[in-house]
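Take a look at the structure below.
In the text below, chain A, chain B and the rest are named by the order of the sequence lines, each starting its count at 1.
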Amino acid sequence: DVITRFLRSQSWDVNYVRNITDIDDKIINRANENGEEYTTLTKRFIDYMHEDETRLGIARPDIEPRATGFIDGLIDMNNALIEKGHAYAASNGDVYYRVTSFKDYGKLTNKNVDELLAGARIEVDEIKEDPRDFVLWKAAKEGDPSWQSPWGNGRPGWHIECSAMSKKCCGDTFDIHGGGPDLPFPHHENEIAQSEAANGCKYVNYWMHAGAVRVDGEKMSKSLGNFFTIRDVLEKYHPEVVRFLLVSSHYRSPINYAEDNLIEARAGLERFYGALRGYNDVAPLAFSGMQESAYYKAFVEAMNDDFNTRVALAGMYDLVRDLNNAKNEPELASNLVGQLKAFGLILGILQADPIKFLQDGSDEEVKEVQDLIDERAQAKLEKNYARADEIRKFLAVRGVELEDSKSGDTVWRKEQVLVDIPYGSDERFNEEYKGYKWRTTFTNTVSSIYLSSCFEVFKDKELLHSSKLIKMGEKDTFEEIHIRTRVLAQDWIDKSI
RNA sequence: GGCGCGAUAGCAAAGCGGUUAUGCUCUGGAUUGCAAAUCCAGCUAGUCCGGUUCGACUCCGGAUCGCGCCUCCA
């Protein structure tokens, strides 16, 4: 999504194609289990996917081909491969690709065809000429969805559909082919073998493989029990926070999904939205009018360097600093905001109402908080600072942070929940130092590889201080963290006496 | 075993053969009735062992650790 947005912003004519595999063993099995048509099942999941994408602000591709819509092209391709000796129809109605016939096989992933045999774990199939051969067309089992073909009723093989779809949608050669880190072998290797053998020309100019999303440092998988959906995440975090996390690292780097990283992503966004408050009427500037801007040059340079979104963000932070310094120069500030929003548009962030983003609360809460703010303003006018502070503290404990601006207005924002108390209730320590009581809470959240700790200092049950989140590396021991937190707590008490 | 990727400060994450990455956190200052936000300044780096070089986090070699792929999932 970000790559497409950026390329288009630089006047590239982009044809963005993303295919859907809507027929395979898993789909057939699940549809049979559910007692429904496989098309009903795939439609439901495709609809879900589109809903999730919409929430994340992901633009739809220009074409979203489905495998079952390209059966004819796929059969043509198989025919071409058979004619050229790169494929053969087996006795049972399957069609296989003859791997040894393609001399470049393995060029993408640096595989040696001879060594592949040694590593083959599958049982030797009597039907294939060679265990390395892969299926292009699979004969249908009784009752399964199938299509007619020169080799009898069947359905597409597992790799050919991508070659067939891309040929129709992108042509014999196209520029960029993306995919996940698990795809280069065998899938993309097989696509190359199919398309280059059938079409007689180069398949793809640039391969882009993304880094894996990891959970607690491991691959997400059902067997590991660390599997969850984007919907689960969006229940807890604003979609923009998720996007921000993703653009915070290079697309090729693995990215670790951890609560701490989401919290940090939110903190970064708060800095941007804090600066954007009050500029709702400023629209993103067009890149065409920004050619001379140093921020624009930095942004484009970063993005032109293999879509280095992290470096692009660094430049945007520079802009934010300059924007915060330019609050007394409305014209300049407005221009900077326009630029910042323009960059945000490419990354798919910063287009929301800052106040809404920062307050992140229900309408009832907004009213409740505003009433207290009004009461506090009155107290301040009457120089009743005790009451004013009481209200501030009351709200602070509930995660509402007040900011008095110079003009006298008070704005507020919702503080992140720094610590999920329920975890680690058996890992709390109540200690005493110089007459102050302080409590340490440790957390080791389910999806975090990091221990976190925070401390709260009390005097006669009154909360005096609540620490910020202290994050610890995975190598730190529990004992070390405990000592470190104690030092911080005692340090605070020493200073406050 | 084969192929490939990685190891950077308290945390996250980039570039770069010599010169500030950046963000979060933390510390000091300015500001504030007190705060917050903001600004200014600062503290923490480059897994280990060799080599190349005037100079290496950056290049080369090795070790260690971590991760991915090697499946008729696509």
Identity of whatever pairs with [N] - Watson-Crick or G-U, under 3.5 angstrom:
{"N": "rA21(B)", "answer": "none"}
{"N": "rG15(B)", "answer": "none"}
{"N": "rC69(B)", "answer": "rG2(B)"}
{"N": "rC59(B)", "answer": "rG51(B)"}
{"N": "rU64(B)", "answer": "rA7(B)"}
{"N": "rC43(B)", "answer": "none"}
{"N": "rU38(B)", "answer": "rA30(B)"}

Closest to the [X] side chain, choosing from [options]:
{"X": "Ser249(A)", "options": "rC3(B), rA14(B), rG33(B)", "value": "rA14(B)"}
{"X": "Asn325(A)", "options": "rG33(B), rA35(B), rC40(B)", "value": "rC40(B)"}
{"X": "Arg376(A)", "options": "rA36(B), rG33(B), rC3(B)", "value": "rG33(B)"}

N or O in side chain of [X] less than 4.0 angstrom from [N] OP1/OP2:
{"X": "Asn308(A)", "N": "rA14(B)", "answer": "no"}
{"X": "Arg321(A)", "N": "rU38(B)", "answer": "no"}
{"X": "Ser253(A)", "N": "rA14(B)", "answer": "yes"}
{"X": "Arg271(A)", "N": "rC39(B)", "answer": "yes"}
{"X": "Arg277(A)", "N": "rU38(B)", "answer": "no"}

For Ala314(A) and Pro181(A), find the nucleotide of RNA chain B closest to each by heavy atoms; which residue's nucleotide sits nearer the 5' end?
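Looking at the nearest nucleotide for each, Ala314(A) comes out on the 5' side.
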
5' precedence on RNA chain B between Phe185(A) and Thr109(A) (nearest-nucleotide basis)
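Its nucleotide being nearer the 5' end, the pick is Thr109(A).
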
Which part of the nucleic acid, if any, lies within contact of [X], taking any heavy atom under 4.0 Å across all strands shown: a base, the sugar-phosphate backbone alone, or nothing?
{"X": "Pro186(A)", "result": "base"}
{"X": "Lys383(A)", "result": "nothing"}
{"X": "Arg413(A)", "result": "sugar-phosphate"}
{"X": "Asn324(A)", "result": "sugar-phosphate"}
{"X": "His159(A)", "result": "base"}
{"X": "Lys138(A)", "result": "base"}
{"X": "Ser405(A)", "result": "nothing"}
{"X": "Asn19(A)", "result": "nothing"}

Can any side-chain N or O of [X] pair as donor or acceptor with the backbone N or O of [Y] at less than 3.5 Å?
{"X": "Glu189(A)", "Y": "Gly106(A)", "value": "yes"}
{"X": "Glu240(A)", "Y": "Leu350(A)", "value": "yes"}
{"X": "Asn19(A)", "Y": "Cys162(A)", "value": "no"}
{"X": "Lys327(A)", "Y": "Ala275(A)", "value": "yes"}
{"X": "Asn308(A)", "Y": "Val311(A)", "value": "yes"}

Under the criterion of centre distance below 5.5 Å and interplanar angle below 30°, is Tyr385(A) classified as stacked on the base of rG33(B)?
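Aromatic stack with rG33(B) present for Tyr385(A).
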
Span that lies between the [atom1] atom of [M] and that of [N], in whole angstrom:
{"N": "rA45(B)", "M": "rA21(B)", "atom1": "C1'", "result": "12 Å"}
{"N": "rA36(B)", "M": "rA7(B)", "atom1": "C1'", "result": "39 Å"}
{"N": "rC60(B)", "M": "rG17(B)", "atom1": "P", "result": "12 Å"}
{"N": "rC69(B)", "M": "rA63(B)", "atom1": "P", "result": "24 Å"}
{"N": "rA37(B)", "M": "rG28(B)", "atom1": "P", "result": "15 Å"}

Go through the N and O atoms of the side chain of [X] and the base of [N], and report whether any donor-acceptor pair is under 3.5 Å.
{"X": "Asp24(A)", "N": "rC72(B)", "answer": "no"}
{"X": "Arg252(A)", "N": "rC5(B)", "answer": "no"}
{"X": "Arg310(A)", "N": "rA13(B)", "answer": "no"}
{"X": "Asn112(A)", "N": "rG2(B)", "answer": "no"}

Going by atom types only, do Asn32(A) and Tyr38(A) share a side-chain donor-acceptor pair under 3.5 Å?
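No, no side-chain donor-acceptor contact under 3.5 Å.
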
Between Tyr203(A) and Phe174(A), is the ring centroid distance below 6.0 Å?
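Yes, they do, as the ring centres are separated by less than 6.0 Å.
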
Walk me through it: do Asp374(A) and Gln370(A) pass the test side chain to side chain donor-acceptor pair (under 3.5 Å)?
CA-CA 6 Å; Asp374(A) 292 344; Gln370(A) 194 54 52; 3.2 Å; yes

